[in-house]
**Q** 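Structure below; questions to follow.
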Amino acid sequence: MIHRITTLGEARHPSPLSRFVSDDLFVPEQVICGPSAPQQEWEFELAGPRAKLFFDPTRTRAGIVTCGGLCPGMNNVIRSLFNELHHAYGVKEVLGFRGGFQGLDPARGQEPIVLTPEFVDDIHRRGGTVLGTSRGKVNDAAAVENLARLGVNILFTVGGDGTQRGGNELFQMARQRGHALAVVGIPKTVDNDVAFVARTFGYLTAIQEASSVLDRAHAEARSVQNGIALVKVMGRHGGFIAVGATVASQEVNFCLIPEVRFKLDYFLAALKQRILKRAHAVIVVAEGVGQDWLDNTGAERDASGNVKLGDIGTFLRGQVEAYFKAEKIPIVMRYFDPSYHLRSGPANSEDSILCDLFARNAVHAAMAGKTGLMIGFLHDEFIHVPIALLAGRKKSIDPADPVWSGALAATGQPERFG
């Protein structure tokens with residue numbers, strides 16, 4: 001099924017660029033064909049500059065908002081959005097809305113910043129976001145009224161799937177109000193779990209940082225008799241950081257992720273055998289593991305609507321310590337929780353390039369008057385994904401996939417515990 005993207009109207013203005021992509025080019029969700037291959041579901045518009053623009057750049061004002069948790073590369077995205085708008089298209093003005101979605105509501109947020117070449121000059125060298133961020137929704141009517149008052153024609157939303165759904169609601173409200181507003185999302189999550197995105201920006205930087213922590217955890221564990229190092233990393237629904245760091249480090253003995261359920265007593269027994277045989281062990285656990293052990297019903301939610309997670313790290317540390325005490329085996333326990341460290345630094349070179357490409361393709365889509373979409377990334381191609389498709393879709397690790405097989409080979413752990 002081909003998914004056409006909503007447009008604000010006929011594109012009539014000639015583009016100042018020299019290379020263009022046709023609206024009739026598509027990227028399939030699946031590229032593997034054969035009798036046993038998955039059935040083809042979707043085909044997505046290929047992203048890139050269009051020959052005709054909906055917006056006259058000299059009369060266009062754009063806005064940028066960053067939402068949710070931090071991620072390496074957010075400032076890179078802001079900088080590349082501005083540079084493409086300002087230098088390539090000659091857009092009149094770019095505003096940076098401060099403090100996440102609440103910055104769109106003048107009753108809740110501060111006045112936006114007028115971005116300039118001087119302002120964005122070196123922001124890509126810093127972690128975090130120079131615009132600030134927050135969780136939670138905004139009063140759509142108040143936000144759209146403010147955007148119309150400011151003459152904002154384009155809004156770029158940098159955030160996770162919740163942010164993208166919020167951006168789509170703003171577009172729908174603007175359409176009801178009669179304000180031509182292009183809303184284009186750029187997917188941001190260090191967890192790497194957004195559907196239709198092979199790799200989110202910041203993920204490889206987080207892997208690099210996590211791998212460094214695991215190397216140090218390994219040094220701690222093997223430097224003492226019966227040393228056990230437990231490292232908790234981010235990953236609410238998907239174990240991408242845990243698995244990626246495990247394969248990158250090659251120093252992990254047990255990798256525990258939400259997609260592969262296990263019995264705690266079987267895991268503790270396997271850990272005991274490792275200690276008796278090798279006298280040290282390194283464990284990495286994703287934050288979403290074992291919420292049923294913590295009696296987490298999912299009733300408590302954060303401002304973004306995400307389930308508040310119990311602390312599997314401290315729980316597992318307590319279980320390991322109690323188990324070995326009962327077994328009368330002395331251990332030295334080291335616990336690491338580098339979660340915020342992984343996401344708050346600047347992007348590495350590879351993620352910096354990815355940030356730039358996400359941002360520039362978002363600008364191309366917006367200037368052509370496309371709206372209600374997120375920039376996706378499949379098969380090394382950037383695509384236009386209707387935000388409506390994100391509902392109920394999360395990317396996760398398939399235990400039958402080579403990604404998980406790589407982690408099993410690196411650790412030597414059993415395929416399942418129990």
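The first residue in the sequence is number 1, and the count goes up from there.
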**Q** Measure from the ring center of W293 to the ring center of F262 and say whether it is less than 6.0 Å.
**A**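 Between F262 and W293, which both carry aromatic rings, the centre distance is below 6.0 Å.
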
**Q** Just by distance, no angles: are the side chains of R343 and S339 close enough, under 3.5 Å, to form a donor-acceptor pair?
**A**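 No, no side-chain donor-acceptor contact under 3.5 Å.
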
**Q** Could you report the tightest heavy-atom contact between F324 and K272, atom names first, then the distance?
**A**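 Minimum heavy-atom separation between F324 and K272: CZ-CA, 3.7 Å.
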
**Q** If only atom types and distance count, is the side chain of D351 paired as donor or acceptor with the main-chain N or O of L204 below 3.5 Å?
**A**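 Flag set: sc D351 to bb L204 pair under 3.5 Å.
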
**Q** Is a salt bridge present between K232 and D311, judged by a nitrogen-to-oxygen distance below 4.0 Å?
**A**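 Salt bridge flag = yes for D311 with K232.
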
**Q** Centroid separation under 6.0 Å, is that true for the rings of F44 and F196?
**A**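 Between F44 and F196, which both carry aromatic rings, the centre distance is below 6.0 Å.
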
**Q** How far apart are the closest heavy atoms of I154 and F55, and which atoms are they?
**A**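 For I154 versus F55, the nearest heavy atoms are CG1-CE1, 3.7 Å.
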
**Q** Is there a donor in the side chain of H384 and an acceptor in the side chain of R4, or the other way round, less than 3.5 Å apart?
**A**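 Side-chain D/A pair, H384 to R4: absent.
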
**Q** I need the minimum non-hydrogen distance between Q164 and V158, along with the two atoms involved.
**A**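 Scanning both residues, the minimum pair turns out to be NE2-C, 4.4 Å.
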
**Q** Within 45 degrees of the axis of the six-membered ring of F240 and under 6.0 Å from its centre: does K395 put its NZ or CZ there?
**A**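 Because its charged atom sits under 6.0 Å from the ring centre and within 45° of the axis, K395 does stack over F240.
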
**Q** Examine distances only and state if a side-chain atom of R59 and a backbone atom of P57 form a donor-acceptor pair shorter than 3.5 Å.
**A**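 Not confirmed, R59 side chain does not pair with P57 backbone.
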
**Q** Of L357, V184, V197, which is the lone residue that meets side chain to side chain contact (heavy atoms under 4.5 Å, CB included) with I375?
**A**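 Going through the options one by one, the only one that passes is V184.
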
**Q** If we ignore hydrogens and angles and just use 3.5 Å, is the side chain of T200 paired with the main-chain N or O of T189 as donor and acceptor?
**A**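 Yes; at least one donor-acceptor contact below 3.5 Å.
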
**Q** Strictly by ring-ring contact (aromatic ring centres under 6.0 Å, His included), give each pair with a member in residues 342-372 just once, sequence neighbours left out.
**A**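 Matches after skipping sequence neighbours: Y89-H364, F358-F382.
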
**Q** Can you tell me which residue among T6, D23, T7 is in a side chain to side chain donor-acceptor pair (under 3.5 Å) with K370?
**A**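 The passing option is D23.
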
**Q** Could you verify whether a donor N or O on one side chain and an acceptor N or O on the other, from N253 and T411, lie under 3.5 Å apart?
**A**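 Their side chains do not contain a donor-acceptor pair, so the 3.5 Å distance test is not met.
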
**Q** Does the gap between the ring centers of F417 and Y266 come in under 6.0 Å?
**A**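 No, they do not, as the ring centres are separated by 6.0 Å or more.
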
**Q** Under the side chain to side chain donor-acceptor pair (under 3.5 Å) rule, collect the residues that match up with T58, sequence neighbours excluded.
**A**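 With sequence neighbours excluded, T58 shows a side chain to side chain donor-acceptor pair (under 3.5 Å) to D56, given in chain and number order.
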
**Q** Verify, without hydrogens or angle tests, whether E259 (side chain) and G239 (backbone) share a donor-acceptor contact under 3.5 angstrom.
**A**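 Side chain of E259 to backbone of G239, a donor-acceptor pair under 3.5 Å: yes, one is there.
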
**Q** Any idea which heavy atoms bring V65 and F101 closest together, and the distance?
**A**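 Heavy atoms only, the tightest pair is CG2-N, 3.9 Å.
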
**Q** Looking at Q291 and G310, would you say the former's side chain and the latter's main chain have a donor-acceptor pair under 3.5 Å?
**A**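 A pair under 3.5 Å: yes.
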
**Q** Just checking R278: does its CZ atom have more than 12 heavy atoms from other residues, nucleotides or ligands closer to it than 6.0 angstrom?
**A**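 Atom CZ in R278 is not packed in, count stays at 12 or less.
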
**Q** Between R165 and N168, do the side chains contain a donor N or O and an acceptor N or O under 3.5 Å apart?
**A**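 No - no donor-acceptor pair under 3.5 Å links their side chains.
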
**Q** Report the residue from V190, T205, I207, I241 that forms a side chain to side chain contact (heavy atoms under 4.5 Å, CB included) with L342.
**A**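 Between L342 and the candidates, side chain to side chain contact (heavy atoms under 4.5 Å, CB included) is satisfied uniquely by I241.
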
